[in-house]
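Sequence positions, counted from 1, serve as the residue numbers for this chain. Excluded from the calculations below are hydrogen atoms, water molecules and symmetry mates; all remaining heavy atoms, backbone and side chain alike, are included.
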Amino acid sequence: MAQLPGMNGATPAEQEDAVTDAFGRTTPRGTIQGYLAAMAQNDAALAARYLQAEAGSPAVEGLAEQLRTVLDRAGRLAPVGEIDNTVEGKSGDGLEGDLDQVGTISSANGDVPLLLRRIQQDGHFFWVVADTTLDALPELVNQTVATAIERYTPSAFRGYELFGIPAGDWIALPVLALIAFLIGWCCAWALTAFAINIWLRRAPSETREEVRRVRVPLAVLFSNGFFRFACLGLGVSVIARQWSFQLYDIAAILSLVWIVFIITSAIARRLLDTMTRREKTSAISGTKLMTRLINAVALFIGLFQILDMLGFDVRTGLAALGIGGLALALGAQKTIENLVGSVMLVIDQPIRVGDLCQFEGVFGTVEDIGIRSTKVRTLERTIVTIPNGAFSSMQIENYTRKERFLFNHRFGLRYETTADEIERVRQALKTYLREHPAIEDDDPAVRFLNFGSDCLTMEIFVYIETRSIPQFFDYQTELLMGVMNTIQDEGVEFAFPSQTVYLARDSRAPAQFLNGGPKAAQPEGRQPSA
């Protein structure tokens, strides 16, 4: 449901502040990202805006520079995704309500927390680096030493920066990323090789190949940890660290989604093979649909996390979905209808993959039941795609579900056929059908149906005991030829559309018509001409 103003824990003044603060300090994450962006521009005056001190003085700008030095050499900021991005800050962390910890700074006396404080100024609330952390900066700066990258950067490159990142870091980052990936690849290769040779020695070759496919995304996950450790150990600057860690985290999330796709595909393939061998075709469509739903959920969660890392306020977006839920439902009603239709097709199972069916003039084999639509291969080898919402409400005739097939044919005999001949034909056909292996009826129905306009109509009504459509057509051909031979053996002929003209003399007609017709009347006084 949509949240009303004030229901999310923020007062109206706080909600207004989220719009009016020009420096993006309304959330802890916004404050950290704003400070790093200011230092990337070497703008100490702007960076001082993110400190709990009176801005505008050289001393405060010096504190902003000292904070960067400490973070470069001994600081560890939390990953972007773990820094709270709400107006109220993180709750349940054991700190006071107006404090939030976003990292630590190493010192000789132990780790010093990097704290942000929520303050009010000119009627607005925003987050800044807490004064308790600023008070410890002078001592922390005196304890720090130059990092390995600072010491080993060639003198010709010292003092140069690009986007706030020193030249030494630009050289070190790609090298560290390559080394970390090679180490991660070796670990992933060793782990998968151990699994293949020890646990999966007797597994099918397809399973072992699927395990090998996991190596690349698994190497990215392993290399993420090695890369972080190397950057912190060698002293990569905090700006370079946060940006590169963010890129690596995005790659790690995509790798996790990739692994989920591989695992679900492998499990689904094994299940489908087992169901096919055991002829449990009813579960095939459900397995395919469940696999696609799991992949869709994994992809959605991954994209959700990536957008959150990139600074998009996904929580506000979800709240907006709550507010506009009705509009979304109305706009996506067809999509929802198709999704519900696909679920109903899987649950009710009027059709399954591989079934031969007919609906609204379409006759073909079901090839796939997806989340949105169902694909049917017609006899002309074309693909017909039907939205599941509409398909689930159609009248579907499923030929594959037949336990037997109807053999119902009518044929005509000539009108010259006598009643005795019709009875002989009927009994001969009963005997033939009773002895046929595909007919299990002890008393097959062979009837004299009616007097047609040009024939004596007979009908055969029996069931062919088979579930196979191709076999039914073979039996039907065999039976029709057997019926034809049986009728011919009885000396009876089939009728065909025709007309018979009979010429006969009607003995009841008047005599003058039988003798050539009436004589013409002659006028009086006149003789007929010669």
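Applying the salt bridge (charged side-chain N to carboxylate O under 4.0 Å, His left out) rule to Glu397 yields no partners; only residues at least two apart in sequence or on another chain are considered. Phe181 is linked by a ring-ring contact (aromatic ring centres under 6.0 Å, His included) to nothing, counting only residues two or more places apart in sequence or in another chain. Here Ala266 pairs with Glu210 under the side-chain contact (heavy atoms from CB on, under 4.5 Å) rule; sequence neighbours left out. Remark: Tyr399 engages Phe363 in a ring-ring contact (aromatic ring centres under 6.0 Å, His included) (not counting sequence neighbours). Residues passing the side-chain contact (heavy atoms from CB on, under 4.5 Å) test with Thr27, sequence neighbours excluded: Arg29, Asn85. With sequence neighbours excluded, no residue forms a ring-ring contact (aromatic ring centres under 6.0 Å, His included) with Phe229. For Phe494, the ring-ring contact (aromatic ring centres under 6.0 Å, His included) criterion is met by Phe411, not counting sequence neighbours. The side chain to side chain donor-acceptor pair (under 3.5 Å) test applied to Arg447 returns Glu459, not counting sequence neighbours.
One finds the CZ atom of Phe300 at 13.5 Å from the CG atom of Leu293 (value rounded to the nearest 0.5 Å).
Looking only at side-chain heavy atoms (C-beta outward), Leu406 and Phe461 come within less than 4.5 Å of each other. Side chains of Ile460 and Leu433 form a contact here, defined as non-hydrogen atoms less than 4.5 Å apart. Between Phe163 and Ile239, every side-chain heavy-atom pair lies at or beyond the 4.5 Å cut-off. In this structure, the side chains of Ile386 and Met394 come closer than 4.5 Å at one or more pairs of heavy atoms.
Sorted by first and then second residue, the salt bridge (charged side-chain N to carboxylate O under 4.0 Å, His left out) pairs with a member in residues 246-261 read Arg228-Asp249; sequence neighbours excluded. Residue pairs meeting the salt bridge (charged side-chain N to carboxylate O under 4.0 Å, His left out) criterion with at least one member in residues 357-370, sequence neighbours excluded, are Arg292-Asp368, Glu367-Arg377. Sorted by first and then second residue, the salt bridge (charged side-chain N to carboxylate O under 4.0 Å, His left out) pairs with a member in residues 461-472 read Arg404-Glu465; sequence neighbours excluded.
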With a 3.5 Å cut-off and sequence neighbours excluded, list the donor-acceptor pairs that the side chains of residues 480-490 form with protein atoms.
{"residue": "Asn485", "atom": "ND2", "partner": "Met481", "partner atom": "O", "Å": "3.2"}
{"residue": "Thr486", "atom": "OG1", "partner": "Gly482", "partner atom": "O", "Å": "2.8"}
{"residue": "Glu490", "atom": "OE1", "partner": "Arg424", "partner atom": "NE", "Å": "3.4"}

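Using cut-offs of 30° and 60° on the angle between ring planes, the pair Phe227 and Phe245 is perpendicular. Between Phe451 and Tyr415, the ring planes are parallel. Angles under 30° get that label, and only those over 60° would be called perpendicular.
For the 3.5 Å distance criterion, the side chains of Gln427 and Glu423 qualify, holding a donor opposite an acceptor. Counted by atom type alone, Thr86 and Asp84 present one or more donor-acceptor pairs between their side chains at under 3.5 Å. A donor atom on one side chain and an acceptor atom on the other are found under 3.5 Å apart for Arg215 and Thr192.
With Trp258 contributing its side chain and Leu218 its backbone, the two residues share no donor-acceptor pair below 3.5 Å.
The number of heavy atoms from other shown groups lying within 6.0 Å of CD (Glu403) is above 12. In the displayed structure, Arg426 atom CZ is contacted under 6.0 Å by more than 12 heavy atoms of other residues, nucleotides or ligands.
In plain terms, the two heavy atoms of Leu77 and Val238 that are nearest each other are CD1-CG2, 3.6 Å. For the residue pair Ile262 and Pro217, the shortest heavy atom distance occurs at CD1-CG, 4.5 Å. Of all the heavy atoms in Thr291 and Ala268, the pair that sits closest is OG1-CB, 3.3 Å.
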